[in-house]
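Below is one structure, written out as structure tokens; comments come after it.
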Amino acid sequence: MKLIIILFFTAVIAACSSEGAKLDSSGNSANLLAIKVVGAKSFNPNIAHGQIEKYTVTVEGEGIETPIVAEFDGTASEGVIDGVPAGGDRKITVEAINPNKSVIRAGETVGVSVGGGLTEVSVEMQSVPIFANLADGASIENTRLTFELFSDPSHKVSVEEAGISANSNEINLDATTGMGEVRPPLISQGEHEFVVRDLETNRSSKIKLKVSDGVKRTPAPFVAGAVSSEKTGGALF
């Protein structure tokens with residue numbers, strides 16, 4: 001069953017008077033923006049990788065020089081953002097972030113027109129696969145790597161090296177934990193960027209590693225993963 005969280009974002013809300021909507025600093029009227037976040041709950045909140053520590057909401061669009069960013073506690077059911085100006089073609093992005101600072105669920109909607117009092121927007125969240133055992137920017141003294149992965153197991157994922165054309169294997173995650181593991185061929189020394197991708201939605205996250213020729217007979221060190229996330233194509237809904 002999907003968890004539905006209602007977040008209310010406002011700018012300056014006009015009272016019921018003859019003033020109507022008040023103006024923000026740019027001269028645009030500001031109105032109430034209600035966002036319904038659908039499917040926000042993690043598949044497996046029983047482990048750190050699957051816990052949602054906070055939600056980050058970003059509002060962008062014409063007339064908004066600097067994106068408006070607000071954070072809400074992972075247990076929040078509602079919140080308020082001040083200063084969202086009225087206008088058309090707004091983009092609303094919601095990200096769910098775990099204790100390791102990794103984005104594990106994300107969703108966005110575009111072309112939102114804010115104005116006329118209350119604007120209701122629905123954002124559907126989808127799982128973002130992550131590397132669970134390696135941190136972005138880590139230096140690894142081992143050319144034999146093991147990637148541990150975490151995501152919603154209802155979708156298959158793949159691991160690929162950025163900039164290298166290769167056939168990616170489909171990886172099935174454990175139906176109970178959402179964890180998976182893959183051991184790539186021997187990695188050359190140097191800097192590498194790896195991407196783990198959801199093969200259905202195309203959502204992905206990536207890590208950069210500096211690999212050297214240290215002791216090859218021991219496993220690569222495992223550290224908490226903080227990764228960046230992206231979506232390149234793929235349907236939102």
So, the side chain of Asp89 versus the backbone of Val112: is there a donor-acceptor pair under 3.5 Å, distance only?
-> no

State whether the side chain of Asn44 and the backbone N or O of Gly50 hold a donor-acceptor pair below 3.5 Å, judged by distance alone.
-> no

So Ile171 and Val159, side chain to side chain contact (heavy atoms under 4.5 Å, CB included) or not? Walk me through it.
-> CA-CA 8 Å; Ile171 302 167; Val159 173; 4.0 Å; yes

Is there a path from Ile104 to Ile47 through hydrophobic residues (I, L, V, M, F, W, Y) whose side chains come within less than 4.5 Å of each other?
-> yes

Approximate separation, where rounding is to 0.5 Å, of His155 NE2 and Asn202 CG = 12.0 Å

Would you say Val59 and Ile64 make side-chain contact, with heavy atoms under 4.5 Å?
-> yes

Side chains of Val94 and Met125 in contact at under 4.5 Å (non-hydrogen atoms) = yes

Side-chain donor/acceptor of Asp198 to backbone N/O of Arg203, under 3.5 Å | no

Check whether any side-chain heavy atom of Gln189 lies under 4.5 Å from a side-chain heavy atom of Val211, and answer yes or no.
-> no

Rounded to the nearest 0.5 Å, the CD atom of Glu161 sits from the NE2 atom of His192 at a distance of 5.5 Å

Arg90 and Glu62: CA distance, side-chain angles, deciding distance, salt bridge (charged side-chain N to carboxylate O under 4.0 Å, His left out) verdict = CA-CA 7 Å; Arg90 300 287 185 246; Glu62 184 178 355; over 6 Å; no

For Ala106 and Val103 the tightest heavy-atom approach is CB-CG1, 4.2 Å

Looking only at heavy atoms, which two atoms of Glu71 and Thr56 are closest? And how far apart?
-> CG-OG1, 3.9 Å

Supply the atom-to-atom distance Phe43 CZ to Thr176 OG1, rounded to the nearest 0.5 angstrom.
-> 7.0 Å

Shortest non-hydrogen contact from Pro99 toward Gln51 | CD-O, 3.3 Å

Does a side-chain N-to-carboxylate-O contact under 4.0 Å join Arg197 and Glu160?
-> yes

Out of curiosity, Lys156 NZ to Glu170 CD, how far, rounded to the nearest 0.5 Å?
-> 4.5 Å

Does the side chain of His49 pick up a donor-acceptor pair with the side chain of Asn98 at under 3.5 Å?
-> no

Passes side chain to side chain contact (heavy atoms under 4.5 Å, CB included), Ile140 versus Ser212? Steps please.
-> CA-CA 6 Å; Ile140 307 298; Ser212 61; over 6 Å; no

Can the ring centroids of Phe147 and Phe131 be said to lie less than 6.0 angstrom from one another?
-> yes

Could you tell me whether Lys210 and Glu191 make a salt bridge, using a distance below 4.0 angstrom between a side-chain N and a carboxylate O?
-> no

Considering all heavy atoms, the nearest Arg105-Ser127 contact = NH1-CB, 3.7 Å

If you take all heavy atoms of Ala96 and Tyr55, which pair is closest and at what distance?
-> CB-CE2, 3.8 Å

Could you walk me through whether Lys54 and Asp73 pass side chain to side chain contact (heavy atoms under 4.5 Å, CB included), step by step?
-> CA-CA 4 Å; Lys54 64 182 179 181; Asp73 187 85; over 6 Å; no

If you measure from CG on Leu149 to CE on Met179, what distance do you get to the nearest 0.5 Å?
-> 7.5 Å

Please list, chain by chain and in numerical order, all residues satisfying side chain to side chain contact (heavy atoms under 4.5 Å, CB included) with Ser154, sequence neighbours excluded.
-> Asp152

Contact check, side chains of Val128 and Ser151, non-hydrogen atoms, under 4.5 Å | no

For side chain to side chain contact (heavy atoms under 4.5 Å, CB included), just list the numbers for Leu209 and Phe194, CA-CA rounded to whole Å, side-chain angles, deciding distance to a tenth of an Å, and then say yes or no.
-> CA-CA 8 Å; Leu209 301 177; Phe194 296 97; 4.1 Å; yes

Can you name the nearest heavy-atom pair linking Asp174 to Pro153, along with the distance?
-> O-CB, 3.5 Å

CG (Leu134) and CD1 (Ile207) are apart, to the nearest 0.5 Å, by 5.0 Å

